[in-house]
Amino acid sequence: MKKLVFVLFAIIMANTGFAQEMVALRADIANRNGDAIFIKTPAGKILKEIKVDDKGIFNSSFSVETGLYLLFDGSEYTIVYLKNGFDLSLKMDAKNFDESITYTGKGEKENNYLAQKSLINEKYESKIGDIKDENAFADLIASFKKEFKDKLDVGGYDADFVKEANRIVEKESEKMQYRFAIVLKLSKINGSVAPTFNYVTIAGEKVKLEDLRGKYVYIDVWATWCGPCRGEIPYLAKVEEKYKEKNIAFVSISVDEDKDFNKWKKFVADKQLGGIQLFADKNWNSEFITAFGINSIPRFILIDPKGVVINSDAPRPSEQQLQDKLDSLLN
């Protein structure tokens, strides 16, 4: 009898231990982009594919090594912190991705921190383009670090998470420093004649920047694989429609790799993209792209009828500042 009790106890403990070696994740995603979400390592390796159930919910349990991962919804991604024993519920609207993310359950505090952090990052990054002084930039970085330190100092976070969070802030500060150096470089480009390009259309014709002299030129640098780029497409279409009778050319330059040339052509045709659609000759290494220090997309550039750069990092189509600027130039 004692042996039977011991065996039953061992089985219960083994099952309990197994449960503790799992993280549970439940995701309720409105306007989802697909029927599966993916948990990936920072290197991009798929750790877990979670398919939607008949109730429209993504639900799974799996084992992880404690750390940061990427949760892809098929179009965009968010950073998540996973640890065995966490029991997380995510609620989100894919059309309002970062702004709508909320977590509940065990592990919610760490992951809500990461979700809010994404929005705070955007706030600071949006200020970089307006800074032309190194002392002002140093103040911005100090404020950036303090805001996150203050949040972490509140306490109650997983100890391993605090180490990761501090490491992320340092890495992002370095990236902001790099971007600020580019901003200083681009500030010298504004007001000068833009470097040219000579890229191919889906019809196989070549278009040069000089061909568009006499018109304002609004350039969108993008790629078919870029979620934020695709997110700007509906807004760009509306801007193109609003100014179609005005003296402005809308040019979209893809930096897709050469092997994806046909994929790009199909995407442009299937989505019926407007404006002048071009394919950069050497993707990221194309001379026009490198001249503007472009290392992330989408990126927008505004050029005047004489070929002079008005803004080497212009507002996005989704931002009202773009239409305000075009109205002042064209009306």
Side-chain angles (χ1 to χ4, degrees), residues 40-43 66-72 76-83 90 92 96-103 107-190 221 226-229 231-232 292-300 311-316 318-322:
K40 297 185 179 183
T41 66
T66 300
L68 298 173
Y69 294 86
L70 306 176
L71 187 156
F72 282 82
E76 296 193 59
Y77 72 88
T78 185
I79 299 174
V80 292
Y81 178 71
L82 300 179
K83 184 175 185 176
L90 161 66
M92 176 181 74
N96 194 28
F97 196 90
D98 291 330
E99 293 80 1
S100 65
I101 294 174
T102 56
Y103 295 91
E108 66 177 54
K109 189 167 186 178
E110 290 80 7
N111 283 287
N112 282 324
Y113 169 96
L114 290 173
Q116 295 162 11
K117 182 178 180 304
S118 177
L119 299 177
I120 295 172
N121 282 5
E122 290 182 8
K123 178 182 72 174
Y124 280 93
E125 288 170 359
S126 67
K127 295 178 180 179
I128 294 177
D130 298 324
I131 298 177
K132 303 296 185 291
D133 176 77
E134 292 189 1
N135 290 330
F137 177 74
D139 290 340
L140 181 76
I141 290 295
S143 177
F144 174 76
K145 290 182 176 181
K146 183 177 185 303
E147 182 158 355
F148 289 116
K149 183 178 184 301
D150 289 346
K151 289 182 180 297
L152 290 173
D153 284 348
V154 170
Y157 292 101
D158 179 83
D160 291 329
F161 173 76
V162 173
K163 294 178 183 178
E164 288 289 344
N166 283 319
R167 183 180 64 82
I168 290 174
V169 169
E170 289 301 321
K171 286 291 185 182
E172 289 173 342
S173 297
E174 292 175 7
K175 290 181 180 178
M176 290 171 68
Q177 179 70 55
Y178 179 72
R179 188 179 170 208
F180 177 63
I182 292 176
V183 167
L184 291 181
K185 176 182 176 181
L186 294 182
S187 66
K188 299 176 182 178
I189 294 178
N190 293 340
V221 181
C226 170
C229 301
E232 290 293 329
F292 280 94
I294 298 174
N295 65 347
S296 64
I297 50 177
R299 174 71 169 276
F300 300 90
N311 192 337
S312 54
D313 192 6
R316 298 185 176 195
S318 58
E319 298 174 326
Q320 182 58 41
Q321 298 97 305
L322 174 62

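Here the closest heavy-atom approach between residue T41 and residue L70 is recorded as O-CD1, 3.9 Å. A pairwise comparison of heavy atoms in I79 and Y103 identifies O-OH, 4.5 Å as the closest pair. Taking both residues in full, the closest heavy atoms of C229 and P298 are given as SG-N, 3.5 Å, listed atom of the first, atom of the second, then distance. Closest heavy-atom contact between N311 and P315: ND2-CD, 4.0 Å. Closest approach of I101 to A115, counting heavy atoms only: CG2-CB, 3.8 Å.
Scored by the salt bridge (charged side-chain N to carboxylate O under 4.0 Å, His left out) test, K149 finds D153 as partners (sequence neighbours excluded). Here Y69 pairs with nothing under the ring-ring contact (aromatic ring centres under 6.0 Å, His included) rule; sequence neighbours left out. Under the salt bridge (charged side-chain N to carboxylate O under 4.0 Å, His left out) criterion, E147 pairs with K123, sequence neighbours left out. Scored by the side-chain contact (heavy atoms from CB on, under 4.5 Å) test, Y178 finds I182, N295 as partners (sequence neighbours excluded). K175 is linked by a salt bridge (charged side-chain N to carboxylate O under 4.0 Å, His left out) to nothing, counting only residues two or more places apart in sequence or in another chain. Take K146 and apply the side chain to side chain donor-acceptor pair (under 3.5 Å) test, not counting sequence neighbours, and it matches D150. Taking A136 as the reference, I131, D133 meet the side-chain contact (heavy atoms from CB on, under 4.5 Å) condition, with sequence neighbours excluded. Remark: S318 pairs with E232, Y235, R316 by the side-chain contact (heavy atoms from CB on, under 4.5 Å) rule, at least two apart or across chains. With sequence neighbours excluded, the residues forming a side-chain contact (heavy atoms from CB on, under 4.5 Å) with D160 are T66, Y81, K83, D158, listed by chain and number.
At least one side-chain heavy atom of L68 sits under 4.5 Å from a side-chain heavy atom of I168.
Atom CD of E122 has more than 12 heavy atoms from other residues, nucleotides or ligands within 6.0 Å. The number of heavy-atom neighbours closer than 6.0 Å to OH of Y157, taken from other residues, nucleotides and ligands shown, is above 12.
The stretch residues 114-140 participates, sequence neighbours left out, in these ring pair (Phe, Tyr, Trp, His ring centres under 6.0 Å) pairs: Y124-F144, F137-F180. Listed by first and then second residue, the salt bridge (Lys or Arg N to Asp or Glu O under 4.0 Å) pairs that reach into residues 107-121 are K117-E172, sequence neighbours excluded.
A salt bridge does not link R167 to E170: none of the charged nitrogens lies less than 4.0 Å from a carboxylate oxygen.
Once rounded to the nearest 0.5 Å, the distance linking CD1 of I128 with CD of Q177 reads 9.0 Å. Separating the OG atom in S143 from the NZ atom in K127 is a distance of 6.5 Å, to the nearest 0.5 Å. Between the OH atom of Y113 and the NZ atom of K151 there is a distance of 8.5 Å, given to the nearest 0.5 Å. Considering CG of L114 and CG of L71, their distance stands at 12.0 Å, rounded to 0.5 Å. Taking CG from L90 and CG from N112, the interatomic distance works out to 9.5 Å, rounded to the nearest 0.5 Å. Annotation: the span from I141 atom CD1 to M176 atom CE amounts to 4.0 Å, rounded to 0.5 Å.
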